[in-house]
Amino acid sequence: MISNDILTQLNPQQLKAVTLPHVSALILAGAGSGKTRVLTTRVAWLIQTGQLSPHGVLAVTFTNKAAREMLTRISAMLTINTRGMWVGTFHGLCNRMLRMHYRDAGLPQTFQILDSQDQLAAVKRLLKSLNVDEERFAPRELQYFINANKEAGLRAARVQSYDEHSKRLTELYAEYDQQCRREGVVDFAELLLRSYELLERNEILRDHYRRRFSHILVDEFQDTSRLQYLWLKLLAGSDNVIFAVGDDDQAIYAFRGASAQNIFDFEREFASGSLIKLEQNYRSHAQILEAANALIHHNTKRLGKELWTDAGRGEPLRVHESVSDTDEAAFILQQVHNLRSEAVPLSEIALLYRSNAQSRVLEHALFTAGLPYRVYGGLRFFERQEIKHALAYLRLVANPEDDGAFARVLNVPARGVGNRTLEQLHSTSEQRAVSLWEVARSNPPTGRAGQGVIGFVRLIEGLRRDCLALSLPEVVALAIERSGLKHHYQLEPEGKERIENLEELINAAATFDVESDAPQRAALGTDQQPQDEPESDPRLRTLHDFLAHAALEAGEHQAVPGQQALQLMTVHSAKGLEFDAVFISGLEEGLFPHDNSLNQADGVEEERRLMYVALTRARRRLYLTHAQTRMLHGQTRYNIASRFLREIPEQLVQRSGARVPSAAQALGGYALPSGASRWRVGQDVLHPKFGPGVIVSVQGRGSDARVTVNFRRDGMRELALEYAKLVPA
DNA sequence: ATTAGTGGTGTTTTT
DNA sequence: CACCACTAAT
């Protein structure tokens, strides 16, 4: 039997987890311990042994990538089709549920999803319309406040506020929700909260789904938020079982509401007695694992787990110190060349960094060297300006009441309708409690700007009319063409790439038609259960699905699979992946751990877990690099090596690079009063930009001190010591 | 009333 | 450096 084949390849703990009886269970699975394998084999085993039909599977993952991976692996093990299964992200599944029951959920059929950018814009619009001082209530702060409360499962009415400030924030939260309701849009957190409330209030629906999903499987459980946990509990009821897989040491999403508390609660409420630890690592050599174990031991809040391997010791970790970020990039480039000559394929090499901004320098070096690379994350396809503009037109086709979309493109491309006019429209819409669209249509302003508004209304009306007869890619093409976006970017000198992206959007629409996840929509139809009436127009429905797809899956579209390319990404997006060789760059205080994490509760512990995730991505070789100076905010910053480097035992490490005392140390000495006479004539110095040189003269003292340096490359230069970051050489 | 240009400001990580 | 908001010129 096939199932035996599958099972014989498992180690005892894995086997135990896969073949657990009908109970809820918590699988604590360390990095590289075969977590996904256990999850997918569990599903396959349950189905093959007749304990479960595909229809009864609800599997939740954290990223779209992970969801796809899971589906692929299940279908590889089974011959049945996986269509009836619900596999996806929390947001994707909630979206699916809300689309099917939009009426019961109190949403318009055409509801649109706001990504974080859209949400921030909506918040700003709200603050403006209420005349709230943005100095006192920063849009970002309000956005964070709203999301944090939603992720905790709290509507504005239930938020406890004690001081004036949070009281006002809570009021604004309520106003924001009303604005969303008026405009027929939902943000990410709202998808979850709405879906939760739907199930909570609607007993029939809740029972239906409980009867249907007898097995609920959750990947990356440590990253679930309070609300997601409540959602799962609601779906599970008392009879269904939850199979949760997670690793508390890899919890890296506290900043968006994830709470490790869920693991403890889950064990108490569901899985008492069935806790299984997977600690054998199949990925990395011993020295890498020892480094990771030693690092994570510095954390206090752990369930306790120690990875081991029976693979060899492998190589020591390589720590390299550079003088500057550009030197760091050069070092990495050189090592990549070495790796290639050792026959390591480019796609098996990853360059990791803490924040997206760090990719620039690396990309520049790679580009100049002509090495193919691929950047994951960062500014994603569907987040690009031109794409957002095009999507806004499409959103207006789907739902002209969408004020956000309306305001975004009313004057893009320019139609002579400026801010003033938009404000007028806004205030009228406020007074009459109707959408911007309604105002523009029934009561357009007069004068020159009014003509522009009328033209815009005609444009949208025409699009809406003509789109009915067209396929999705044709709709997209028509919107891009007729809106004038294409023409607009043709005129821009930098517009070429934008036009290519717009064409890519048409392609995305064309392939979406085929690969659409819409077929699964029929899933509920087979039951004689509550259903919303079929949506009126299947074409419009496809458009909604496409727009939802654009918001939920912002990016993987530029992927060029199969191509040999270096992999660049943040540590966050590297989670779940593995590579032969891994570079972790920018290991400096302030960057990794990030400055902002230092004053957050348990911030450093989360950063350390992030570092743990980064370390455990590597199979054979691991480079840890840091630089003494780095361009940040357009200024050179001086950094000292990350504390995480000190937390890795020295015997596991091989060091290379700068022997020069670090600039930050030198600077530290300079900043102290005792370091007054640090600089003397004739001294060899090093400057991050001008390179090596000799001090020719010293003028002034204290903060006015200046030196004249004869640089080897650029000759004489006078530098203010306070700003010019000189290093003794 | 719109646009273009300028100065001040702020920046982690992602569905 | 890049984005935004405000101000001066069309």
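Here is how names work: the chains are called A, B, and so on, in the same order as the sequence lines, proteins then strands, and each is numbered from 1. Note that the coordinates shown come from a computational prediction; the quantities given were computed from them, not determined experimentally.
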Check: Nearest nucleotide by nearest heavy atom, which residue falls closer to the 5' end of DNA chain B, Phe62(A) or Glu607(A)?
Finding: Glu607(A)

Next item on the list: Remember a base hit wins even if backbone is also touched, and classify Ala551(A) as base, sugar-phosphate or nothing at under 4.0 Å, heavy atoms.
Entry: nothing

Notebook entry, point to check: What residues, two or more places apart in sequence or in another chain, satisfy ring-ring contact (aromatic ring centres under 6.0 Å, His included) together with Phe592(A)?
Noted result: Phe644(A)

Check: Going 5' to 3' on DNA chain B, which nucleotide is the first and which the last to come under 4.0 Å of a heavy atom in chain A?
Finding: dA1(B) to dT15(B)

Notebook entry, point to check: When you check the side-chain N and O atoms of Asn147(A) and Arg256(A), is any donor under 3.5 Å from an acceptor?
Noted result: no

Next item on the list: Mark yes or no: Arg374(A) above the aromatic ring of Tyr376(A), with NZ or CZ under 6.0 Å from the six-membered ring centre and no more than 45 degrees from the axis.
Entry: yes

Check: NA contact type, Arg140(A), heavy-atom cut-off 4.0 Å: base, sugar-phosphate, or nothing?
Finding: sugar-phosphate

Check: Heavy atoms under 4.0 Å, any strand shown: does Asp595(A) hit a base, just sugar-phosphate, or nothing?
Finding: nothing

Margin query: Categorize Asp115(A) for me: base, sugar-phosphate, or nothing, with a 4.0 angstrom heavy-atom threshold over every strand shown.
Written below: nothing

Item checked: Residues touching DNA chain B, which here means a heavy atom under 4.0 Å, drawn from residues 247-255 of chain A -> Tyr253(A), Phe255(A)

Margin query: Centroid separation under 6.0 Å, is that true for the rings of Tyr102(A) and Phe111(A)?
Written below: no

Next item on the list: Could you tell me whether the side chains of Arg408(A) and His389(A) share a donor-acceptor contact shorter than 3.5 Å?
Entry: yes

Notebook entry, point to check: Distance only, no hydrogens: is a donor on one side chain within 3.5 Å (strictly under) of an acceptor on the other, for Arg68(A) and Asn64(A)?
Noted result: no

Check: Do the ring centers of Phe456(A) and Phe406(A) come within less than 6.0 Å of each other?
Finding: yes

Note to self: Just to be sure I understand the rule, does Val417(A) reach a base, reach only the sugar-phosphate, or reach nothing, if contact means heavy atoms closer than 4.0 Å?
What the structure shows: sugar-phosphate

Note to self: Please check if the number of heavy atoms outside Arg125(A) that lie under 6.0 Å from its CZ is greater than 12.
What the structure shows: yes

Notebook entry, point to check: When we call it a touch if two heavy atoms are under 4.0 Å apart, what does Thr421(A) touch: a base, just sugar-phosphate, or nothing?
Noted result: sugar-phosphate

